[in-house]
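Values below: every heavy atom of this structure, side chains too, minus hydrogens, waters and symmetry copies.
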Amino acid sequence: MNLSKRDFLQVMASASAAGMALGRYADADAATAQQGLYDLPAFGNVSLLHMTDCHAQLKPIYFREPSVNLGLGTMQGRLPHLVGEQLLKAVGVRPGTAMAHAFTYLDFDKASRRYGKVGGFAHLATLVKMLKASRPGALLLDGGDTWQGSATSLWTNAQDMVDACKLLGVDVMTGHWEFTYGMDRVKEIIDKDFKGKIDFVAQNVKTNDFGDPVFKPYTIREINGVPVAIIGQAFPYTPIANPRYLVADWAFGIQDDNMQKVVDEARGKGAVLVVVLSHNGMDVDLKMAGRVRGIDAIFGGHTHDGVPVAVPVKNAGGTTLVTNAGSNSKFLGVMDFDVKAGKLVDYRYRLLPVFANQLRPDAQMDALITKVRAPYEARLNEKLAVTDGLLYRRGNFNGSWDQLICDAMMDVQGAEIAFSPGFRWGTSLLPGDTITRELMMDQLAITYPYATVNEVTGETIKTILEDVADNLFNPDPYYQQGGDMVRVGGLSYALNPGEKMGARISDMRLKGQPIEAGKKYKVAGWAPVAEEAKSVPGVKPVWEHVETWLKSQGGRVKARRINTPTLAGVQGNPGIAKG
């Protein structure tokens, strides 16, 4: 990571302030723990709070961090591409602590049972109120992926999350999965629900016809006499990663040049501090920070990286701090700036884990959550099966939840091979937990959930795998279009991430036999981006197939044998767990 002495001391201060000594409070009541863990001294005169990628999780959950987050080339060994012990070592967190549990997958089952669930908007609301009270004028920034990811967000057309964010006190927001509700619904929420309350900003979303801004590119807010510009950067590849027809009139993209113009414009209008609220993904943010001048900090999202330190990046205009605040309401970023004589002179950054057992739930938010969930509780709580193994999703190649989905699609639809998208959202379950409909829907709740079965040639299968691998492992972050590797059931293959495009995938096999380029195979999948997929006769949403499969398992689901590729060229990479 190559931190300077000053940056290293910042890391140590951040880790200490963020509750490394949680063990002292593990058995305390929530009020005592809350006072001890989250009573952070204020610093400076401008404070920004940051949440991102909560994926509509209103209730506390379990969420396992990745054991594989590969960085290649110049990103190898750099944040965010460190996992497990390597991450703890880099940021000075002791193994076996609550902070180690928050930021890594290590001893996940045991640590989860000790420290309890994380997140939950009622607990997050308590923390936000505490920090805003101790930091007058502080703003809460929401990096997006907020309205999607749960059954209730899908069934209410995002209204549950809109109401919760208004009550939480979100001040400024940008987006990604929000756009999968369609252009009309997004504009309706912004024009009606958010009007006068929340600024939705995105400098990189324009109309296809005349290139006009769809949203405000930025907002300037004055905090304790300091004008602060907050520029929005929506997910650049929305029309590629998600169905284009849902945003048919809008163009996206990274748009560095326009970002520079917006930064300069905001400075010209008197902004003393300029920050970007981004949904680029951290690698893209790091590159952008080196190319665009005049940004003091980037508050990033999309890649779900819980990074305990603000990473300084040098550029022609000075230094930009890059952060990423995890996912699932599990973390809250706190950035305190000290601004004197019109200049930023110092900062403090902390990424606080939201331990539900250590924070009293906010009564108002708790009441709202109870109200919005009430009509759906019976459907949400229906028991489908008990899992014998740990179920999780996060990771570059596969997770046990993804494997379950692939297994279910193959069994129910009679397919030889299954593909499941490399989504990073989705809650975790511990061995012995009951899989309810709600917890199943946490993995599947999208607006284009259609399950498909197609006859696909071996050549096409390789092309699909190569394309997704390039999206993930292209050496230029600006060509990484988000998501992790497509999850595969039935098919085995080898992967060399460091190879050039078209040469990463090899040794594809089905039941031990080589895949033939010209032969057709029956392949199941879901979440098609083509609009016509929803009109195929007999098509069903994927959750119907998965629920059917779960109910057929006799009440218990065996631990999944996770199908991951045979990797080459990554030995010793600190972004992959040892053993």
Side-chain angles (χ1 to χ4, degrees), residues 52-57 60-71 79-88 100-109 111-112 117-119 143 145 148-150 176-177 241 279 281-283 300-308 324-331 351 353-354 387 389-406 420-431 433 439-446 468 471-473 480 482-488 527 559-560 562-565 567 573-577:
T52 191
D53 296 275
C54 77
H55 284 286
Q57 295 302 320
I61 61 162
Y62 297 117
F63 186 77
R64 179 189 184 273
E65 298 298 326
S67 52
V68 184
N69 188 356
L70 287 173
L79 291 170
H81 300 289
L82 300 170
V83 299
E85 295 91 343
Q86 297 288 344
L87 174 60
L88 299 183
H101 170 52
F103 289 111
T104 73
Y105 67 92
L106 297 170
D107 299 316
F108 180 75
D109 185 353
S112 294
K117 293 183 177 181
V118 295
D145 279 8
Q148 176 276 333
S150 71
H176 170 206
W177 274 92
H279 206 90
M282 192 162 182
D283 284 7
H302 180 60
T303 38
H304 293 198
D305 299 307
V307 180
N324 204 289
S327 66
N328 287 275
S329 311
K330 184 178 177 179
F331 297 103
L351 186 58
V354 182
T387 178
L390 173 68
L391 291 177
Y392 67 91
R393 169 171 273 173
R394 183 77 168 90
N396 282 163
F397 300 111
N398 209 342
S400 46
W401 254 123
D402 300 293
Q403 190 63 55
L404 185 154
I405 294 167
C406 286
S420 188
F423 294 146
R424 276 182 289 265
W425 44 271
T427 57
S428 305
L429 275 74
L430 305 183
D433 282 354
L439 293 169
M440 176 194 72
M441 289 296 289
D442 282 351
Q443 322 303 318
L444 306 171
I446 63 174
V468 179
N471 288 343
L472 182 59
F473 298 116
Q480 297 170 9
D484 283 314
M485 192 66 191
V486 62
R487 283 65 166 106
V488 177
R560 297 292 96 188
I562 302 176
N563 180 30
T564 56
L567 297 177
N573 191 303
I576 188 168

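A side-chain donor from one of D145 and H279 sits under 3.5 Å from a side-chain acceptor of the other.
No donor-acceptor pair closer than 3.5 Å links the side chain of S327 to the backbone N or O of C54. Judged by distance alone, the side chain of N398 and the main-chain N or O of R487 form no donor-acceptor pair under 3.5 Å. Using modelled atom types, one side-chain atom of N573 and one backbone atom of G71 make a donor-acceptor pair closer than 3.5 Å. The main-chain N or O of L430 is found under 3.5 Å from a side-chain atom of D433 such that the two form a donor-acceptor pair. Put simply, the side chain of H81 gets close to the backbone of L70: a donor and an acceptor are under 3.5 Å apart. Put simply, the side chain of Q480 never gets that close to the backbone of F473: no donor and acceptor are under 3.5 Å apart. With N324 contributing its side chain and P80 its backbone, the two residues share no donor-acceptor pair below 3.5 Å. Judged by distance alone, with hydrogens and angles left aside, the side-chain atoms of R393 form no donor-acceptor pair with the main-chain N or O of T427 at under 3.5 Å. Side-chain N or O atoms of Q148 include one that pairs as donor or acceptor with a backbone N or O of A445 at under 3.5 Å. Between the side chain of K330 and the backbone N or O of V354 there is no donor-acceptor pair closer than 3.5 Å.
Salt bridge annotation for D305-R424: absent, with no cationic side-chain nitrogen under 4.0 angstrom from a carboxylate oxygen. Here R560 does not pair with D402 in a salt bridge; the nearest charged N to carboxylate O distance is not below 4.0 Å.
Qualifying side chain to side chain contact (heavy atoms under 4.5 Å, CB included) partners for S150, counting only residues two or more places apart in sequence or in other chains: A56, Q57, T152, S153, D160, D442.
Taking the side chain as every heavy atom from C-beta outward, S428 and W401 never approach each other to under 4.5 Å. Residues I61 and N328 have side chains in contact (heavy-atom distance under 4.5 Å, counting atoms from C-beta outward). For the pair L472 and D484, the minimum side-chain heavy-atom distance is below 4.5 Å.
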